[in-house]
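What follows is a single structure, written as structure tokens, with notes after it.
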2 protein chains.
Amino acid sequence: MANNLGLSIDRSSPVPLYHQVVQGIEAAIYSGVLEPGSRLDNEIDLAAQLNLSRPTMRKAMDELVRSGLLVRKRGVGTQVVSSQVRRPLELSSLYDDLTNNGKKPTTEVLSFSHIEADDAILATLQLPAGSKVYHFTRLRKVGGKPLALMENWVRDDITEMDQATLTAEGLYAILRRGGVNFRLANQRIGAMTANEYQASMLETGEGSALVTMERTATDDTGRRVETGHHVYRADSYSFEMTLVQR
Amino acid sequence: MANNLGLSIDRSSPVPLYHQVVQGIEAAIYSGVLEPGSRLDNEIDLAAQLNLSRPTMRKAMDELVRSGLLVRKRGVGTQVVSSQVRRPLELSSLYDDLTNNGKKPTTEVLSFSHIEADDAILATLQLPAGSKVYHFTRLRKVGGKPLALMENWVRDDITEMDQATLTAEGLYAILRRGGVNFRLANQRIGAMTANEYQASMLETGEGSALVTMERTATDDTGRRVETGHHVYRADSYSFEMTLVQR
DNA sequence: CGAAGGCGAATGTTCTGACATTAAGTCTTT
DNA sequence: AAAGACTTAATGTCAGAACATTCGCCTTCG
């Protein structure tokens with residue numbers, strides 16, 4: 001069977017060949033050219049069709065398998081994994097999530113300061129004693145409805161920050177522009193009931209359910225960049241993720 | 001610098017060479033032989049030290065980078081990522097989590113039936129109309145204290161299930177023994193307040209905070225194996241995870 | 001007629017070799 | 001002394017080849 005998934009390779013492009021293949025096959029799957037459950041040609045044929053070596057083809061398919069789009073079976077072949085597997089689990093901020101979904105979030109900065117960090121924050125961010133950090137709390141609304149109450153601490157040797165920038169942009173966008181390449185995040189998700197302050201800020205009742213999240217993010221040099229404690233209205237937000245067994 | 005991480009390779013072993021290297025370096029990191037932040041020898045030297053080719057060495061390091069233990073920088077070298085990065089995000093059940101932490105959970109099966117699935121379950125598990133599934137609810141306790149209330153639906157063409165087995169073992173262990181190789185899980189984590197029934201079962205107050213989780217798991221053949229809706233006492237449980245940017 | 005063995009096809013593993021790209025330090029030149 | 005160019009060292013990419021392992025099907029033998 002000549003799969004003939006209409007993808008072409010540009011050898012003069014700076015983007016690696018295997019990654020071009022990844023993008024091509026991803027596009028073919030999401031656009032429906034490759035149907036869920038269908039079998040692909042074998043690695044050697046595919047490599048030949050695209051004038052690539054088998055290791056290159058294999059590396060591309062490796063990535064697709066790891067991301068859960070393909071399933072390989074020894075002695076059998078490779079299939080497109082059935083069904084609509086949605087967003088893979090990745091580092092993203094609430095702000096990204098919302099804008100990607102076409103919503104228009106607004107941010108209100110409730111407090112902003114540049115202060116000496118206390119011991120707990122120093123330990124979490126692995127900073128030497130006496131270090132200063134940015135500390136701020138924000139309220140995020142979507143369509144005028146409050147959604148999240150967020151408190152964050154950010155090390156101050158990355159980029160200048162001020163209240164105006166935080167109002168206009170998401171935290172992660174600001175940090176990325178400051179040259180941070182995020183690598184890891186450790187997070188913990190739980191639940192609590194709203195206290196009086198939280199209830200009033202989120203315009204919900206005292207005692208209503210909230211989703212809590214604590215997160216600490218690390219960049220590619222191993223620096224702890226940011227830590228925060230967020231609470232979300234449980235009736236408006238939940239965490240969706242896809243776990244991939246490796 | 002001769003790193004000399006005391007790992008040896010067994011070429012007669014059936015476990016692939018690159019995986020032996022992965023395990024060896026993992027062990028060196030967790031045991032402290034390789035300290036956080038320390039630099040490794042370059043790929044070519046390491047390969048030579050172990051009498052391996054560079055691609056094999058590279059594949060091993062690839063996996064360690066992906067799992068967040070190492071950080072590579074072009075033109076510079078490879079470092080052990082600083083600090084105590086905990087559990088990587090992986091498919092695991094509450095039962096596994098608890099037993100791995102030395103706790104002794106007990107399970108009480110509240111209801112168990114083998115019934116025709118309703119439309120919602122049929123759609124979620126992608127089963128043809130009229131299919132039967134196992135449906136059960138369980139209460140999990142640790143040290144006599146109730147922790148989770150779980151309701152699950154499992155396709156019935158995998159393995160025989162009964163109330164006794166469920167009482168003695170975790171659901172995932174049973175399914176794995178039935179030949180299921182889990183690949184993906186889609187889950188959603190949120191929060192709610194306890195209703196009267198939940199409060200009484202979990203021995204907490206009505207209106208107290210609960211963590212909710214809905215999960216659907218898929219095996220390596222693309223079959224939807226299981227779906228469930230769980231609630232946890234927020235004061236006793238939260239989800240901890242490490243996200244890795246790829 | 002059924003079960004065991006054999007065969008082909010696919011993925012899994014490993015090697016050798018080569019060149020490209022990036023980052024950092026060093027050396028030269030102005 | 002500072003700015004630029006060069007060198008070096010590391011990771012990043014790609015090719016081609018060989019052999020191993022597993023699965024499913026087909027044939028053959030009891």
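Within every chain, numbering begins at 1; the chains are lettered A, B, ... in the order of the sequence lines, protein sequences first and strands thereafter. Because the structure is a prediction, the values reported are computed rather than measured.
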> In whole angstroms, how far is the P atom of dT14(C) from the CG atom of Leu50(B)?
Replying inline: 13 Å
> Got Phe136(A) and Val154(A) here, is their nearest side-chain heavy-atom distance under 4.5 Å?
Replying inline: yes
> Starting at CD of Glu43(A) and ending at C1' of dA9(C), how long is that distance when rounded to a whole Å?
Replying inline: 12 Å
> Do Val22(B) and Met61(B) touch side chain to side chain, with heavy atoms closer than 4.5 Å?
Replying inline: no
>> Test your reading of the model: is there a side-chain donor-acceptor pair from Thr124(B) to the backbone of Ala120(B), 3.5 Å cut-off?
In response: yes
>> Taking the axis from the first five pairs and the axis from the last five, what angle separates them in the helix from dC1(C)-dG30(D) to dT30(C)-dA1(D), rounded to 10 degrees?
In response: 0°
> Base, backbone or nothing for each nucleotide of nucleotides 16-23 of chain C, written B, S, -, heavy atoms under 4.0 angstrom, 5' to 3'?
Replying inline: B-B--BBS
> Quick one: Ile44(B) CD1 to dC15(C) P, roughly how many Å, whole number?
Replying inline: 14 Å
>> Can you see if the side chain of Tyr18(B) gets near the phosphate of dT13(C) - specifically, an N or O under 4.0 Å from OP1 or OP2?
In response: yes
>> Nearest whole Å is fine: how far is dG12(C) P from Asp62(A) CG?
In response: 8 Å
>> What is the separation between atom CG on Asn51(B) and atom C1' on dT14(C), rounded to the nearest whole Å?
In response: 14 Å
> Can you tell me how far P of dA9(C) sits from CG of Asp41(A), to the nearest Å?
Replying inline: 15 Å
> Does the Gln20(B) side chain pair with the main chain of Val15(B), one donor and one acceptor, at a distance under 3.5 Å?
Replying inline: yes
> Once you round it to whole Å, what is the distance between C1' of dT13(C) and CE of Met61(A)?
Replying inline: 16 Å
>> Are Thr107(A) and Leu166(A) packed together at the side-chain level, in the sense that at least one heavy-atom pair is separated by less than 4.5 angstrom?
In response: no
> For DNA chain D, which nucleotides open and close the run of contacts to chain A, 5' to 3', at under 4.0 angstrom from a non-hydrogen atom?
Replying inline: dT13(D) to dC23(D)
> Within the side chain of Arg58(B), is there an N or O that forms a donor-acceptor pair under 3.5 Å with the backbone of Glu43(B)?
Replying inline: no
>> One pair to check against side chain to side chain donor-acceptor pair (under 3.5 Å): Arg72(A) and Thr78(A). What are the steps and the verdict?
In response: CA-CA 4 Å; Arg72(A) 283 197 284 218; Thr78(A) 305; 5.3 Å; no
>> At less than 4.0 Å, is any side-chain N or O atom of Thr56(B) found next to OP1 or OP2 of dC15(C)? Yes or no.
In response: yes
> With side chains defined as the heavy atoms from C-beta onward, is the minimum distance between Ile29(B) and Glu26(B) less than 4.5 Å?
Replying inline: no
> At under 4.0 Å, does any side-chain N or O of Thr78(A) touch on OP1 or OP2 of dA10(C)?
Replying inline: no
> Whole Å only: how far is the CD1 atom of Ile9(B) from the C1' atom of dT14(C)?
Replying inline: 13 Å
> Is the side chain of Ser31(A) donor-acceptor paired with the backbone N or O of Ala27(A) at a distance under 3.5 Å, no angle test?
Replying inline: yes
> Has the side chain of Thr227(B) got a donor or acceptor atom that lies under 3.5 Å from a matching backbone atom of Arg215(B)?
Replying inline: yes
>> If you compare all heavy atoms of Val133(B) against all heavy atoms of Ala117(B), which two are closest, and at what distance to 0.1 Å?
In response: CG2-CB, 3.8 Å
